[in-house]
Amino acid sequence: MSPVRICSRTACKQSAVYTLTYVYADSTAVLGPLAAYVEPHCYDLCAEHAERLTAPMGWELVRLPAEESEPSSDDLEALANAVREAAKPAAPRQEPVGQGTEVGRRGHLRVLRSDTPRKP
């Protein structure tokens, strides 16, 4: 399978650069930058077919601005920082210290209340 996506129009072999989606509830056609993944009921279009696109009668056509082709260094740095933050180990939870007192029982389960530790 080719990593380059082809225009959805019949007999067109151009590379797709836009994705067309219909929002039926709002009677709106949305033409935006090429989606990251192929989605069902979405159409990938080349630049020529996207430019000539018209909405069905009674529908609104929304054209979203094209995104930058290359992410900026700020975007890449923000992504790297987010990955570093997510990879940090979580701080261990502090368990209560002291003896528990049984306050209830149901079958094999027990309800315990922690006694607060005394300060020396």
Side-chain angles (χ1 to χ4, degrees):
M1 183 174 193
S2 173
V4 176
R5 292 177 13 208
I6 303 299
C7 182
S8 297
R9 296 293 302 254
T10 305
C12 182
K13 301 296 182 203
Q14 297 294 321
S15 297
V17 289
Y18 295 97
T19 297
L20 173 65
T21 306
Y22 291 103
V23 182
Y24 293 96
D26 298 332
S27 297
T28 304
V30 181
L31 182 68
L34 188 63
Y37 301 101
V38 177
E39 297 284 337
H41 309 294
C42 291
Y43 303 92
D44 296 335
L45 298 175
C46 65
E48 179 183 349
H49 285 119
E51 187 178 316
R52 295 187 336 200
L53 179 73
T54 59
M57 186 178 293
W59 284 53
E60 181 182 0
L61 177 61
V62 176
R63 292 180 186 266
L64 300 176
E67 295 178 347
E68 298 176 11
S69 60
E70 292 294 322
S72 69
S73 61
D74 290 341
D75 292 341
L76 294 176
E77 188 172 337
L79 179 61
N81 289 337
V83 169
R84 282 189 206 103
E85 187 67 29
K88 286 183 182 176
R93 288 185 22 196
Q94 295 293 331
E95 293 293 327
V97 179
Q99 296 296 319
T101 306
E102 185 174 326
V103 293
R105 179 182 283 267
R106 178 172 278 176
H108 67 283
L109 301 174
R110 297 183 303 163
V111 177
L112 301 177
R113 179 179 58 219
S114 294
D115 294 333
T116 57
R118 296 182 185 149
K119 294 184 180 181

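Because the structure is predicted, anything quoted here is derived from the model rather than measured.
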* Can you tell me how far NE2 of His49 sits from CD of Gln14, rounded to the nearest 0.5 angstrom? -> 9.0 Å
* Treat each ILVMFWY residue as a node, draw an edge where side-chain heavy atoms are under 4.5 Å apart, and state whether Tyr22 and Leu45 are in one component. => yes
* Is there a donor-acceptor pair under 3.5 Å between the side chain of Arg5 and the backbone N or O of Val17? -> no
* Identify the heavy atoms of Cys46 and Cys7 that sit nearest to each other, and give their distance. => N-SG, 3.4 Å
* Taking atom types as modelled, find out whether Thr19 and Asp44 have a side-chain donor-acceptor pair closer than 3.5 angstrom. => yes
* To do: Report, as yes or no, whether the 6.0 Å neighbourhood of atom CZ on Arg105 holds more than 12 heavy atoms from other residues, nucleotides or ligands.
  => yes
* Asked: If you group Ile, Leu, Val, Met, Phe, Trp and Tyr by side-chain heavy-atom gaps below 4.5 Å, do Leu64 and Leu61 land in one group?
  -> no
* Should Leu20 and Leu34 be counted in the same cluster of Ile, Leu, Val, Met, Phe, Trp and Tyr side chains packed under 4.5 Å apart? -> no
* Structure fact -> Heavy atoms of Glu51 and Arg63 approach each other most closely as O-NH2, 3.6 Å
* To do: Group every Ile, Leu, Val, Met, Phe, Trp and Tyr by side-chain heavy-atom contacts under 4.5 Å, then state whether Tyr24 and Tyr43 land in the same group.
  => yes
* Is Tyr18 linked to Val38 within one hydrophobic cluster, defined over Ile, Leu, Val, Met, Phe, Trp and Tyr using a side-chain heavy-atom separation of less than 4.5 Å? -> no
* Do any N or O atoms from the side chain of Thr21 and from the backbone of Cys42 form a donor-acceptor pair under 3.5 angstrom? -> no
